[in-house]
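Some notes on the structure that comes next.
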Amino acid sequence: MNIFVCVKQVPDTETKVQPNADGTFIETTSIKWIMNPYDEFAVEQALLVKADNPGSTVTLVRVGGVKDTEALRTALAMGADDAVLVEADDNLDSYTIAKALKGGIEKAGKQPDIIFAGKQGIDDDALQVPQVLAQMLDLPAVSVIVGYEKSGENISVKREIEGGALEVYEVSTPCVLATNKGINTPRYASLPGIMKAKRKPMQQLTLADVGVSEDDKRLKYSDFKLPPEKPPGKKFDATDEAKQQEVVAEVVKLLREEAKVL
Amino acid sequence: MAKVLVFSEVSKDKVKPVTLEILGKAAGQDVDVAVFGDLSDEQVKVLGDYGAKKVHKLKGDNLDKYSAEGYSNALKGFIESQGYDYVFSGATAIGKDMMPRLATQFDAGLASDVVNFIFEGDNFSATRPLFAGKCLAKVEIQGPKPHFVSVRPNALGMPETPAGGSAEAADASVEAGNIRAAIKEIIASASEKADLTEANIIISGGRAMKNSENFSILHECAEVIGATVGASRAAVDSGYASPDMQVGQTGKTVSPSLYIACGISGAIQHLAGMRTSKVIVAINTDPDAPIFTKADYGIVGDLFKIVPILTEELKKIQN
């Protein structure tokens, strides 16, 4: 099987986000980049499917900045076989990214059987790329999957919806599947894996190579700003057991009478 | 005046509240609503009252159950036949899944999960949170029309008084086309509680809960006030709570009217997921825990002592 995984590189979750000078994105000069956390589940699922289907390959495709390639190196160290990297800015919209991913997959020169991706990039939180890519490739897609099983010629996946309910899908291949937390436990890269990753092939392309231009841009962002800060709240000391009853009663009273939420 | 379509899901013959929020905000435009299947006259009247001109009931084979392919194919045909400038939906499980596919059928742009929007003359712009709400940005859509927008539920708020008006209802026949990813079964959630993203009150536990059994004290408290129980990433990664309970940048972004954080220190990624809660209560033994900087009411103390007292106090006011 030819398995692909779309990987995004995003600012670490502990990043203190600051808008850049012209308000078109965030300041990225001193950011620590990581693999998008939801993509780790996609890489792991691809490796599990590969293990069940000897002779399969796992190819990574990433669209983004090339100064730092942490995300791809981590995924290669986990066990992916090769990678395609399309050089681009890190703040592209979903339509542009999906079109570049499609171009990158085509440049890899093999027909995909399954394309995995994380359900969402934790940078722009758009939740668009998997379904956009699937539509561009005319493939079925299921997003937010928390379960994966083979079902004869097809695949059975569980998609999480509101309230933790699950939709069970039967989907034919080729297809796009977008993973959520809970589907598996991503492995850590081993030391030999990290050493081997350095020698694995990585094809580097430009947006022009994959047929993407400025005309593909669908969203224009401006006015990046921090949300308004809340005024400081009230703090009560209830470390002394004798005071606990009184403090809790006071807070409940405030919730009712001042905040009016109870 | 822009020609606007609002797609609404219908559950138990009720349109989603987010549909009414969108109608309120889009007042002044020429707005229609589309649903799949039937809708009662009473609900059509509600939609008219909130400003819808027409309610289109889309009917066709294989549309009784949701599928991203079936819904987007059917809507594509319908939208083309009517020539809308803008197409809206709620950023619900279905909206988030189907809208990207639908927009791409038109090679068009989608601004997803917006928390505000405005029509100004011929221009449209929206506000989106990014990085789980650590920042906000203005977004404009460019390229071919229609332009697509999905709106986060509970963000716009209900219009204070409906505009008043009446809607005309009509059936339209649509084609679902080829469906290659189809629902075979739906497994209902074990919990009957509201989803975290829709909950009015959330009580969450962090690493200080120490184990999964201790979450029972949060469940007991939640029971009294009809809250949904959430968890921090630390609690989920330690196996104390299931992943669908996780609040934060790598979990769910929530905005209940009351969020009670128990034994959660307040890592940046957690704060990002709950900072838009209307009122925040934090219970933590560490007076310097970052969660207190976001809390309206902070209680410095041991959650294992405080939460049971809180449960009792809440019982008193419920009676």
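Just so you know, these numbers come straight off a predicted model, no measurement behind them. A note on names: the letters A, B, ... follow the listed sequences, proteins ahead of strands, and every chain is numbered from 1.
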Under 4.5 Å to a heavy atom of chain B? For A:K99 that would be neither
Under 3.5 Å, is there a donor-acceptor pair linking the side chains of A:E44 and A:N184? no
Applied to residues 91-109 of chain B, the side chain to side chain donor-acceptor pair (under 3.5 Å) test, sequence neighbours excluded, yields A:Y95-B:D107, A:Q131-B:D97, A:Q131-B:R101, A:Q135-B:R101, A:S143-B:D97, B:E9-B:T92, B:Y66-B:D97, B:S72-B:Q105, B:N73-B:Q105
SG of B:C221 to CD1 of B:I203, rounded to nearest 0.5 Å, is 4.0 Å
Q.
Using only atom types and a distance under 3.5 Å, with no angle test, would you say the side chain of A:T179 pairs donor to acceptor with the backbone of A:Y38?
A. yes
Exercise. Any donor and acceptor pair, going by atom type alone, linking the side chain of B:S238 with main-chain N or O of B:A235 inside 3.5 Å?
Worked result: no
Residue set satisfying side chain to side chain contact (heavy atoms under 4.5 Å, CB included) with B:T127, at least two apart, ordered chain then number -> B:V115, B:N116, B:L136
The residue among A:D125, A:D90, A:D123 that forms salt bridge (charged side-chain N to carboxylate O under 4.0 Å, His left out) with A:K8 is A:D123
Given B:N200, B:D244, B:T250, the one with more heavy-atom pairs under 4.5 angstrom with chain A than any other is B:T250
CG (A:D223) and CD (B:E140) are apart, to the nearest 0.5 Å, by 8.5 Å
For residues 22-33 of chain A against chain B, heavy atoms under 4.5 Å, the residues are A:F25, A:I26
In terms of heavy-atom pairs under 4.5 Å with chain A, the winner among B:K138, B:Q269, B:K65 is B:K138
Turns out that what part of A:P231 lies under 4.5 Å from chain B's heavy atoms comes down to neither
Checked A:K217, A:K16, A:R159, A:E250 vs chain B; the most non-hydrogen pairs under 4.5 Å come from A:R159
CD (A:E246) and CG (A:D240) are apart, to the nearest 0.5 Å, by 10.0 Å
- Do A:K234's NZ or CZ and the ring of B:Y297 fall within the cation-pi criteria of under 6.0 Å and 45°? no
Under 4.5 Å to a heavy atom of chain A? For B:I283 that would be neither
So, the part of A:F224 with a heavy atom under 4.5 Å from chain B: the answer is both
Highest number of heavy-atom pairs under 4.5 Å with chain B among A:G121, A:A249, A:P19 belongs to A:A249
Does the pair A:I114 and A:L177 meet the rule for a side chain to side chain contact (heavy atoms under 4.5 Å, CB included), with working shown? CA-CA 7 Å; A:I114 306 178; A:L177 300 174; 4.0 Å; yes
The interface call for A:A178 against chain B, heavy-atom contacts under 4.5 Å, is neither
- Query: Between B:K252 and B:Q246, does any side-chain donor sit less than 3.5 Å from a side-chain acceptor?
  - Reply: no
Per-residue tally against chain A (heavy atom, under 4.5 Å) across B:T197, B:I306, B:L314, B:V139 peaks at B:V139
Chain B shares the most heavy-atom pairs under 4.5 Å, among A:Q244, A:K119, A:E162, A:K243, with A:E162
Ranking B:A68, B:A91, B:A108 by heavy-atom pairs under 4.5 Å to chain A gives rank one to B:A108
CD1 (A:I145) and CG (A:N180) are apart, to the nearest 0.5 Å, by 9.0 Å
Is the NZ or CZ atom of B:K184 both under 6.0 Å from the centre of the six-membered ring of A:Y169 and within 45° of that ring's axis?
no
Greatest number of non-hydrogen atom pairs under 4.5 angstrom with chain A, of B:A93, B:A282, B:G301, B:G109, falls to B:A93
When the 4.5 angstrom heavy-atom criterion is applied to A:P37 and chain B, the contacting part is side chain
Problem - B:S112 side chain to A:A126 backbone, donor-acceptor under 3.5 Å - result: yes
Looking only at A:E229, A:K158, A:Q120, the option with the highest number of non-hydrogen pairs under 4.5 Å against chain B is A:E229
Okay, A:K230 and chain B: the region with an atom under 4.5 Å from a heavy atom over there is side chain
Okay, B:A132 and chain A: the region with an atom under 4.5 Å from a heavy atom over there is both
Scored by heavy-atom pairs under 4.5 Å with chain B, the best of A:P140, A:A165, A:G233 is A:P140
Answer key: most heavy-atom pairs under 4.5 Å with chain B among A:N154, A:T239, A:D237, A:V132 is A:V132
Strictly under 6.0 Å, is that where the ring centroids of A:F41 and A:F116 end up? no
Rounded to the nearest 0.5 Å, the CG atom of B:L258 sits from the CD1 atom of B:I225 at a distance of 6.0 Å
Main chain of A:D124, side chain of B:R128: is a donor-acceptor contact present, judged purely on distance under 3.5 Å? yes
Worksheet entry | Backbone of A:T96 reached by a side-chain donor or acceptor of A:D93 within 3.5 Å | yes
Per-residue tally against chain A (heavy atom, under 4.5 Å) across B:K294, B:R275, B:E198 peaks at B:R275
Applying a strict 4.5 Å limit to non-hydrogen atoms, the region of A:Q18 in contact with chain B is neither
Here the gap from B:I280 atom CD1 to B:D296 atom CG, rounded to the nearest 0.5 Å, amounts to 6.0 Å
Whatever's closer than 4.5 Å to a heavy atom in chain B on A:Q128 counts as both
Turns out that what part of A:D138 lies under 4.5 Å from chain B's heavy atoms comes down to both
Evaluate side chain to side chain contact (heavy atoms under 4.5 Å, CB included) for B:I291 paired with B:M274, printing each intermediate quantity in order.
CA-CA 11 Å; B:I291 190 81; B:M274 47 65 85; 4.0 Å; yes
Checking heavy-atom separations under 4.5 Å from chain B, one finds in residues 252-262 of chain A A:V252, A:L254, A:L255, A:R256, A:E258, A:A259, A:V261, A:L262
